[in-house]
Amino acid sequence: MSASTSTLPSQPGALARALAVLRRIIGVPDYEVYAEHMRVHHPGCDLLSRDAFLRERMAAKYSRPGSRCC
Amino acid sequence: MARIRSILTWTIVALAGAFAIGVVALKRGEPINAAWLLVAAFCSYAVAYRFYSKIISAKIFALDANRATPAERLNDGRDFVPTNRWIVFGHHFAAIAGPGPLVGPTLAAQFGYLPGALWIIIGVALGGAVQDCVILCSSLRRDGKTLGAMAKEEIGTVAGYTALVAVIGIMVILIAVLGLVVVNALKSSPWGIVTIGLTIPIALFMGVYLRWLRPHRVLEASAIGLVLLFVALYAGRWVAENPSLAPMFTFDGPSLALMTIGYGFVAAVLPVWLLLAPRDYLSAFVKIGVVGALAIGILVVLPPLQMPAITRFVDGTGPVFAGKLFPFVFITIACGAISGFHALVSSGTTPKLLQLESDARMVGYGAMLMESGVAIMALIAACVLSPGTYFAINAPAGLIGTTAESAAAAVQQWGFTINPADLTELAKNVGESSILSRTGGAPSLAVGMAHLFSRALGGTSAMALWYHFAIMFEALFILTTLDAGTRVGRFMVQDLLKHVWAPLGRVSWYPAVLLTSAMVVGAWGYFLYQGVIDPLGGINSLWPLFGIANQLLATVALCVGTTVIIKMGKARYAFITVLPMTWLTIVTMTAGFTKLFSDDPKLGFLSHAAMVQSKIDAGTLPAGIKTVADAARVVANDRVDAGVAGFFVLSVIVILLASAWEWWAVLAGGKPAVSSEVPFQARAAFAAGD
């Protein structure tokens, strides 16, 4: 799913991956995945900057029910 | 060989679970160890997951790892992102597990541990996890459609709109009751208010840090935030121990309610990156950390349960909330057994993230089992307290008075042993001036957790820190729910009002934002304030309303699920949703009618209003109410509560009738059984880009 397909995880790679998992679990959107998706599937389209992407994702997250519960 | 081993293993798990349930259910007289409850719960979960959830994944939906999911078909790198199942599991669990599974079981402990434990274990296996999983699968097969959209499409427009209005109603009641929990925990507690108050500037600092100082370093900012939370904990103690500062931070209920309302309004109109998002990151970490710590604490200490299996209050005379075991234990514990709110998450973010269809079983059914485990742990934490202590904390001042002596006398009269000195001693140990009548569940859970943690680590001297740590953690994520709920409520109101006047729907037009935020805050603020000034503590009337509302939403979700299953031509498996739906209908109807029409003024909103009104007419006042104006307000509040309960009951009836009509049409052959699923597309066609 992510771009990294290295086989044997070296120490920093494993840590970085663990941190990425943690970020995703607490709900931080993944800019790398988005940028990779745009590069592969929509090479002609404008890419949002990291800032713009994160702001757009946050606004979407907190504007509908379904991202959290009691 | 593998087959024999599997049969053997599952036979052992099933027998262990059955034996533990037997011990939990039948042992009387001496306290049992919490371990029995844990074994009973976790063996039941394992068996339910292995065998019952398979009916949903294999027989009904026939989940297929080769069928492309919305995340893959509609992958846009934003909403639809194929994601590893463990990440989705964590994300889904963090979204469904809030204060609900902690507060409900704590309140229901007034019946003893047994009724709550059985409902949590059986309810989740046959109800809650089924609902979450069926809705997740349904949404997964429909491009990640929301519950409201599915209700409209599968059942009809009336059901769709009823569901929409019900969701707004539930949000309002939910936020009000959670706000009340926080207010009751912080009342006359300078330590608590300073610690919680400081979480606001901490979150603001994180927001600024992430925006300008070191953009996008979320984990770094969260780590700093977590350290600062501990500083806030000590700062609170420092203020509480300072005789000249402490009174400045000591507030009564009504002022705290007004502060909460003001905070809710400001938080809802500030940009999300500044306050809400950083607070959300913090609260997610604290949530996962505390749930883990609670599990370790219970496993290390393995405490005996001091609460009896069943108390005399099953007859409906309980001080924590009014009403008999049936139906009120099933209303009081929603999250942890079955919670309609989860259907919004299961048809919200989660179906847009699942990479493989076959992951839906683990995420939908599995995460709910885990939340149920959290509810069991909360129940244990409440039941490790002596029953006398539990009732002194959870009974309103109207029943036990305001001094340790009067409280001990009242609790003794209910048949539980407690000395006034014990209550004073406990208050001193947790660093509060008093622990009496701190209703709402959070404080007794915090005392229970402090009791466990300090036995595992730190001893009595650490108890005050543990207590305030637990209060901070509960308040932190309650306030996050309050912010986020208000904001979502605002968007929903804007979405409705744009039909009245288009500019009101514009989300970036400040007058519209301020107006609709004020409307949402005003709605929950009204219920919060009336709860705070209620002489019986408010939780008494608000928590059942919340429970009824939540179970109403579950009924909607199960109606949608049943309709989906019938239209798939799988009516013979429809029992899986019909069973919990029938049970919840019986429960919500009975509870709703009791709250509306019971002759007992402790239970029925209308009879309580009539009782107070007759006292006003006779020139006297009921106990705990000081002026005629207050009494008149109690009458008005009762009538509003009755209206809300009536609305929820009516909504259940509307949705059930609309669904039954649709089922009849399909089953009797008047309407073809056509599933609205997106047709099968192989994963192979989409895998290329990943």
Side-chain angles (χ1 to χ4, degrees), chain A, chain B residues 75-79 81-84 86-87 90-91 93-101 146-147 167 171 174 178 215-216 218-219 222 272-273 276-277 280-281 284-285 288 334-335 339 341-342 344-350 355 480-481 483-485 487-489 491-492 507 546 550 689-690:
Chain A
M1 174 207 98
S2 75
S4 70
T5 47
S6 67
T7 43
L8 283 171
S10 61
Q11 212 47 36
L15 180 67
R17 264 216 288 274
L19 293 180
V21 167
L22 206 54
R23 268 197 294 270
R24 292 300 301 280
I25 287 178
I26 65 166
V28 183
D30 196 327
Y31 182 73
E32 273 64 39
V33 168
Y34 159 76
E36 176 68 13
H37 170 85
M38 294 304 277
R39 194 183 63 75
V40 173
H41 294 279
H42 313 280
C45 294
D46 281 342
L47 191 68
L48 289 177
S49 73
R50 190 181 286 270
D51 253 0
F53 171 75
L54 293 180
R55 225 166 304 148
E56 188 259 344
R57 290 288 78 210
M58 258 184 213
K61 178 178 174 184
Y62 293 107
S63 64
R64 58 178 177 223
S67 58
R68 78 168 54 253
C69 169
C70 40
Chain B
N75 186 350
D76 60 1
R78 303 179 189 190
D79 282 317
V81 184
T83 308
N84 174 284
W86 290 104
I87 296 179
H91 190 271
F93 175 72
I96 61 173
T146 62
L147 180 70
V167 170
M171 297 271 244
L174 168 74
L178 291 179
H216 315 308
V218 172
L219 293 179
S222 302
V272 269
W273 61 263
L276 181 50
D280 210 359
Y281 297 143
F285 276 113
I288 293 167
C335 311
S339 160
F341 231 92
H342 295 184
L344 302 180
V345 182
S346 297
S347 63
T349 317
T350 310
Q355 184 167 25
T480 312
T481 306
D483 295 2
R487 194 173 280 270
V488 168
F491 280 104
M492 295 172 90
V507 293
F546 163 58
N550 207 352
D690 292 300

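Per chain, numbering begins at 1; letters A, B, ... match sequence-line order.
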Problem - chain A contact via B/Asp483 - side chain, backbone, both or neither, heavy atoms under 4.5 Å - result: neither

Handout entry: Donor-acceptor pair between A/His37 and B/Asn75 side chains, under 3.5 angstrom
Key = yes

Handout entry: Engaged part of A/Leu19 at the chain B interface, taking heavy atoms whose separation is under 4.5 Å
Key = both

Handout entry: Test side-chain contact (heavy atoms from CB on, under 4.5 Å) applied to A/Tyr62 and B/Leu276, step by step
Key = CA-CA 9 Å; A/Tyr62 293 107; B/Leu276 181 50; 3.5 Å; yes

Practice task
Identify the heavy atoms of B/Tyr281 and A/Met58 that sit nearest to each other, and give their distance.
Solution key: OH-CE, 4.0 Å

Problem - Which atoms of A/Tyr31 approach chain B - backbone, side chain, both or neither, heavy atom under 4.5 Å - result: neither

Handout entry: Side chain to side chain, A/Arg24 and B/Asn84, heavy atoms closer than 4.5 Å
Key = no

Exercise for the section: Enter the distance from B/Asp76:CG to A/Met38:CE here, rounded to the nearest 0.5 Å. Expected result: 9.0 Å

Exercise for the section: Starting from the C-alpha separation in whole Å, work towards a yes-or-no answer on side-chain contact (heavy atoms from CB on, under 4.5 Å) for A/Arg57 and B/Arg78. Expected result: CA-CA 7 Å; A/Arg57 290 288 78 210; B/Arg78 303 179 189 190; 3.5 Å; yes

Problem - Portion of B/Leu147 that has a non-hydrogen atom of chain A nearer than 4.5 angstrom - result: neither

Problem - Flag side-chain contact, heavy atom, 4.5 Å: B/Val272 against A/Arg55 - result: no

Problem - Approximate separation, where rounding is to 0.5 Å, of A/Ile25 CD1 and B/Phe93 CZ - result: 11.0 Å

Exercise for the section: Go through B/Val218 and A/Ile26 one step at a time and tell me if the side-chain contact (heavy atoms from CB on, under 4.5 Å) criterion holds. Expected result: CA-CA 10 Å; B/Val218 172; A/Ile26 65 166; 4.0 Å; yes

Handout entry: Inter-residue atom distance B/Ile87.CD1 - A/Asp30.CG, 0.5 Å rounding
Key = 8.5 Å

Problem - Top of B/Ala284, B/Ala277, B/Pro215 for chain A proximity - count of heavy-atom pairs under 4.5 angstrom - result: B/Ala277

